[in-house]
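Everything below concerns the one structure shown next.
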Protein chains: 2
Amino acid sequence: MAATIRDVARASGVHVSTVSRTFSAPHLVNTETRNRVLAVAEDLGYRPNRAARALTTGRTHNIGLIVADISNPFFPPLIKAAQAHARARDYHVFVADTDEDPQVEEELIQTLAKQVDGVLLCSPRLSNRAIERLHADVPFVVVNRRMKGLPTILMDVGEGARLAIEHLTGLGHRRIALLSGPVGSWTSGEMRAAATATDGVELVILGPNAPTEQGGLAVAGEVVASGVTGVLAYNDLVAIGLIEGLYERGVRVPDDISVVGVDDIVSGRLNRPKLTTVAMPTAAAGRMAVDLLLQSFGEGATPTLATLDTSLVVRESTGEVRT
Amino acid sequence: MAATIRDVARASGVHVSTVSRTFSAPHLVNTETRNRVLAVAEDLGYRPNRAARALTTGRTHNIGLIVADISNPFFPPLIKAAQAHARARDYHVFVADTDEDPQVEEELIQTLAKQVDGVLLCSPRLSNRAIERLHADVPFVVVNRRMKGLPTILMDVGEGARLAIEHLTGLGHRRIALLSGPVGSWTSGEMRAAATATDGVELVILGPNAPTEQGGLAVAGEVVASGVTGVLAYNDLVAIGLIEGLYERGVRVPDDISVVGVDDIVSGRLNRPKLTTVAMPTAAAGRMAVDLLLQSFGEGATPTLATLDTSLVVRESTGEVRT
DNA sequence: GTGAAAGCGCTAACAA
DNA sequence: TTGTTAGCGCTTTCAC
């Protein structure tokens, strides 16, 4: 059994409260005593039990981070940034994957609720109502989903979609497909709204699609059949899958069809053709999410909305429409 | 503030212990009473506080899962499998990323130690000594690293490397490069040992390399300069990066150089050329790791070694040597 | 500056 | 079947 505060107290001839202070309020204890306690603690391999500490303080110094699919390369940069940022502030991040299942998501939140001080909800699939209900149990910061009354971080994917469509029309494309994402995805809705609002475009909406390479692969036939020359995919994974699906059908990118993705994941930069895409500020979002959450622990916590800019990165998967 | 066991007790006119039993040993309480308590609990939105429960039971029902780099597509299938498997057994998995930094890894383990019942250590970068020391604080299961005395899951990458080399020699390749991985990687050592043991091969060892696409990209020049016709890369990411690097230098895969990866990640199945690779049973490893850990909680827990088979998947990145 | 005591939310004997 | 009591490891008044 690991050493407890009591062991340290006994071994150093002071009372538990003094040991406690040595760790949580060192300035309140005599330097000499403190050093002695510290030495004994070191000797015994004592480390304060965070869970027990949380019971009295109400602060676990843990943050939960919930994502729909950890294997989507969109998330790791966000996760890593959040972890690093949190660690620098003496918080730890626990990541959990919901497998795109709202019910698992809910369970996870409830489990996490008492073990963390707050939860970062990334691209949640839960209904607004459910989120509001769960919010009674634990503070949230929501990423990529508009939630009134909760601290929210949005990446301006609508603007990105607009840029992408403009890029395509600039290349002469008139008939363009939008590959939408999962039902309930805020991002997908934003993209759709932006695309619909653009003039001079015949928009074909295909979906919902799974936000994966498989999703893109599966919709390739429909894309070909739709007779479009340009495509804006829900994300890079879908775009990559689509390109492969088109390739299998003898359709070339960008020669026959231009494809734009969203996210700017690493493998999009290495695949051939290198992907033209809407770059999402994922790392910044991860850091900001942590900041907002910690901030919300303080007094007078005001729900905040932070919108981060996106940008279009033009690479090789888009080209002029063939005449 | 969320409802506590006491609120429920008061509101349902029983004592806290009865409420406690209703949740942790329902068969010990009268059906009628139980229903009443359950109704009140539901009404108040009460959920047992796992952290507090852990304090008395010594069981958190949480499992920590530590990986070196969550953005390496090798891990997500393992993570997902472990999470699903654990959830089915009423355990929850918290994932943390060490960023390939042994010091972060150590900190993480210590933080996790008291908040989980055990830790799954995947491809740890820590020294054996450090691992043994930390093992005093929390039970481990180690994946992809040989640790005497600890439950261990190994994927037989040595055998996989042997198959890969044989595949290459079978295609007529004689001069073959092995792109090794990070220092301290058990996998890398196994691959090297297996490759060295193969007869009739001129082996060129290049590395250590970062286990990423960048690592592969960076070593492409050396590969060309070495005059090999076949390459076994540390993992698929390195293989993919290498192929891109070769492509940039006008070297074709598999026409000029054959490349074999390790892991069988999804994007290797979609990139062109589709990657020939050593498939790792990651999902099985994740499930088995959870099993081993839970098992080790029981009586007479014996340290175990499980070795999982790998296999060679031949796709398009390898071909006959040019005459 | 340090000690004593109460209590965080819960479980686990032991009684009744 | 249910209540009583002690206590898990720690923090936090309040005294001294």
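Per chain, numbering begins at 1; letters A, B, ... match sequence-line order. Computed from a predicted model, the values in this text were never measured in an experiment.
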Would you kindly give the [atom1]-to-[atom2] distance between [X] and [N], to the nearest whole Å?
X       : N       : atom1 : atom2 : result
R59(A)  : dG9(D)  : CZ    : C1'   : 19 Å
L28(B)  : dG3(D)  : CG    : C1'   : 14 Å
K114(A) : dC10(C) : NZ    : C1'   : 12 Å
N49(A)  : dG9(C)  : CG    : P     : 16 Å

Fill in the blank from the handout: Per-nt protein contacts along nucleotides 11-16 of chain D (heavy atom under 4.0 Å; B base, S backbone sugar-phosphate only, - none) come out as BBB---

Problem - Enclosure of Q103(B) CD (heavy-atom neighbours >12, cutoff 6.0 Å) - result: no

Handout entry: Enclosure of R59(B) CZ (heavy-atom neighbours >12, cutoff 6.0 Å)
Key = yes

Exercise for the section: Mark yes or no for whether T60(A), through its side chain, and D117(A), through its backbone, hold a donor-acceptor pair below 3.5 Å. Expected result: yes

Considering only distance and modelled atom types, tabulate donor-acceptor pairs under 3.5 Å from the side chains of residues 283-294 of chain A, sequence neighbours left out.
unit_1	atom_1	unit_2	atom_2	d
D291(A)	OD1	H85(A)	NE2	2.9
D291(A)	OD2	H85(A)	NE2	3.2

Exercise for the section: Decide yes or no on salt bridge (Lys or Arg N to Asp or Glu O under 4.0 Å) for K114(B) and D137(B), but give the supporting numbers first. Expected result: CA-CA 8 Å; K114(B) 294 288 182 13; D137(B) 294 341; over 6 Å; no

Problem - No-hydrogen, no-angle side-chain donor-acceptor test under 3.5 Å, R145(A) and N128(A) - result: yes

Handout entry: Below 4.0 Å: OP1/OP2 of dC10(D) and any side-chain N or O of R50(A)
Key = no

Handout entry: Shortest side-chain distance from R6(B), nucleotide among dC8(C), dT2(D), dG3(C)
Key = dC8(C)

